[in-house]
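Presented below is the structure to which this report refers.
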Amino acid sequence: MGCVRVVVVAGGIGGARFLRGVRAAIPDAEVTALVNTGDDLTVHGMRVCPDLDTVMYTLGDGIDRARGWGRDGESWRVKDELAAYGADPAWFGLGDLDLATHLIRTRMLDAGYPLSAVTEALCARWRPGVRLLPMSDDRVETHVLVDAEPGPADAPRTGGGRRAIHFQEWWVRHRATLPAYGFVQVGLEAAKPAAGVLDALATADAILLAPSNPVVSIGTVLAVPGIRDAVRAAPGQVVGLSPIVAGAPVRGMADACLTAIGVATTAEAVGRRYGSRAWADGVLDGWLVDTADAAARVPGVRVEAVPLLMTDEAATTAMARAALTLAGV
Ligand code: FO1
């Protein structure tokens with residue numbers, strides 16, 4: 001048998017850290033990261049792909065480890081100049097070094113290159129050691145349904161009703177504190193899996209769902225027409241890792257996202273949301289939970305409990321190894 005092929009479905013910061021563990025756990029394998037692009041947005045005329053960039057910078061050792069996103073050694077002079085002009089949005093900060101990535105990406109997209117080709121070109125510099133694939137070369141943007149006029153909870157609701165704001169505005173400007181009534185992936189129906197995605201899934205010896213946001217990251221990737229079916233039909237085992245430990249997200253605000261879709265913030269509820277591959281629409285064969293959640297049960301899915309806190313690279317490598325073992329690789 002040739003070298004082992006592993007596909008990791010991932011979002012941003014948690015997914016990037018997990019991918020470092022996968023790369024260390026199985027260094028001779030061909031690892032493909034299938035990355036969420038629903039967080040992408042256009043700011044100051046440039047296309048920004050937060051999850052692709054977070055994975056690329058993390059694996060390419062260019063990430064700011066404290067922030068988890070953006071470049072190390074970053075400066076914010078252009079951001080401050082834009083603010084001095086009163087240029088919106090002021091709430092989404094682009095660092096001076098990070099700007100180079102968005103300028104290159106925007107120029108290539110404008111020249112007609114698909115996002116997968118742009119990502120490959122950027123990775124020629126960063127050399128992440130895994131293949132990065134956007135979930136789609138088509139634009140898909142996650143928007144969040146919130147109250148039309150957010151204000152004090154007891155404020156009289158005038159017309160009531162709801163409006164959709166871009167995920168990044170909800171996440172960064174409002175820190176996910178606005179009650180969310182659901183998510184809309186704009187452009188999803190017309191989106192196709194990016195070049196190479198279906199082939200990677202069809203030839204994978206194992207597919208791992210990284211401990212990323214199960215709603216707006218993993219959920220968005222699986223919602224691209226054709227991807228969920230390709231995962232369900234894949235010859236390799238499918239193993240997910242819970243992003244929820246002891247009832248709380250390991251990082252980020254996945255709990256606000258789960259609440260918005262009526263799913264409890266528990267390892268068991270998220271596993272059941274993904275569902276068993278033996279059942280309608282389910283995708284899982286195995287579900288890795290933290291030792292704190294060892295009582296979790298997911299019908300039709302093998303559940304195993306191991307430490308899931310990515311405290312350092314050794315811990316992350318160990319959990320990646322556990323996931324690969326559960327996937328039979
Ligand atoms: N997160 C913030 O909290 N504030 C920001 O100003 C911000 C800017 C930003 C720019 C580029 C980028 O790749 C990521 C950025 N992020 C910022 C993080 C981003 O919102 C998240 O990484 C994901 O979109 C959520 O997983």
Side-chain angles (χ1 to χ4, degrees), residues 8-13 15-16 19 32-64 67-79 81-82 87-143 166-169 171-172 185-188 190-197 200 212 216-217 220-221 224 227:
V8 181
V9 180
I13 300 167
L19 274 157
T32 299
L34 176 43
V35 181
N36 168 50
T37 57
D39 292 6
D40 297 3
L41 75 167
T42 300
V43 282
H44 308 300
M46 291 176 292
R47 194 67 183 161
V48 177
C49 301
D51 286 356
L52 280 167
D53 290 349
T54 296
V55 172
M56 182 174 73
Y57 290 155
T58 299
L59 297 181
D61 283 336
I63 197 79
D64 179 288
R67 273 199 312 269
W69 55 268
R71 286 292 316 281
D72 60 347
E74 189 56 281
S75 53
W76 307 93
R77 302 189 69 192
V78 172
K79 175 179 184 275
E81 283 298 290
L82 286 167
D88 281 332
W91 47 267
F92 195 80
L94 292 177
D96 299 328
L97 303 182
D98 197 27
L99 279 179
T101 300
H102 311 314
L103 288 167
I104 298 283
R105 176 184 294 117
T106 304
R107 195 175 69 184
M108 289 186 72
L109 289 172
D110 290 350
Y113 290 94
L115 183 58
S116 46
V118 174
T119 304
E120 194 173 345
L122 295 171
C123 287
R125 172 194 171 187
W126 288 103
R127 313 182 66 72
V130 307
R131 183 170 57 141
L132 258 58
L133 283 183
M135 66 187 197
S136 175
D137 284 326
D138 303 309
R139 284 194 185 188
V140 177
E141 283 192 6
T142 300
H143 288 241
H166 191 286
F167 171 77
Q168 292 296 346
E169 182 167 1
W171 190 260
V172 173
Q185 271 84 9
V186 177
L188 188 67
K192 293 184 295 303
V197 166
S212 297
V216 294
S217 294
T220 301
V221 177
V224 173
I227 291 186

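Both backbone and side-chain heavy atoms feed into the values below; hydrogens, waters and symmetry mates do not. Residue numbers start at 1 and run along the sequence shown.
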Mind checking the [atom1]-[atom2] spacing from [X] to [Y]? Nearest 0.5 Å is all I need.
X: L94; Y: L82; atom1: CG; atom2: CG; result: 8.0 Å
X: M56; Y: T119; atom1: CE; atom2: OG1; result: 8.0 Å
X: R127; Y: D61; atom1: CZ; atom2: CG; result: 13.0 Å
X: R47; Y: H102; atom1: CZ; atom2: NE2; result: 11.5 Å
X: D72; Y: L97; atom1: CG; atom2: CG; result: 8.0 Å

Exercise: identify the closest heavy-atom pair between [X] and [Y]:
X: W91; Y: V172; result: O-CG1, 3.1 Å
X: M135; Y: V140; result: CE-CB, 3.7 Å
X: K79; Y: G93; result: CE-CA, 3.3 Å
X: S217; Y: S212; result: CB-CB, 4.0 Å
X: T54; Y: I63; result: O-CD1, 4.0 Å
X: H166; Y: Q168; result: ND1-N, 2.9 Å

Item to check | Any residue meeting side chain to side chain donor-acceptor pair (under 3.5 Å) with D39, in chain and number order, not counting sequence neighbours | outcome: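 Checked D39 against side chain to side chain donor-acceptor pair (under 3.5 Å); matches are N36.
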
Next on the checklist: Set out, in order, the CA-CA distance, both residues' side-chain angles and the distance that settles side-chain contact (heavy atoms from CB on, under 4.5 Å) for T32 and V8, then state yes or no.
Outcome noted: CA-CA 6 Å; T32 299; V8 181; over 6 Å; no

Checklist entry - Any side-chain heavy-atom pair from L122 and L52 closer than 4.5 angstrom? => result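 They are not in side-chain contact.
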
Next on the checklist: What I'd like to find out is whether the side chain of S116 reaches to under 4.5 Å of the side chain of D137, using heavy atoms alone.
Outcome noted: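 The answer is yes, as the side chains (C-beta and beyond) meet within the 4.5 Å cut-off.
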
Item to check | Worked verdict on D53 versus R105 for side-chain contact (heavy atoms from CB on, under 4.5 Å) | outcome: CA-CA 11 Å; D53 290 349; R105 176 184 294 117; 2.3 Å; yes

Checklist entry - Only one of W76, W69, Y57 clears side chain to side chain donor-acceptor pair (under 3.5 Å) with D98; which? => result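 Considering W76, W69, Y57, a side chain to side chain donor-acceptor pair (under 3.5 Å) with D98 is found only for Y57.
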
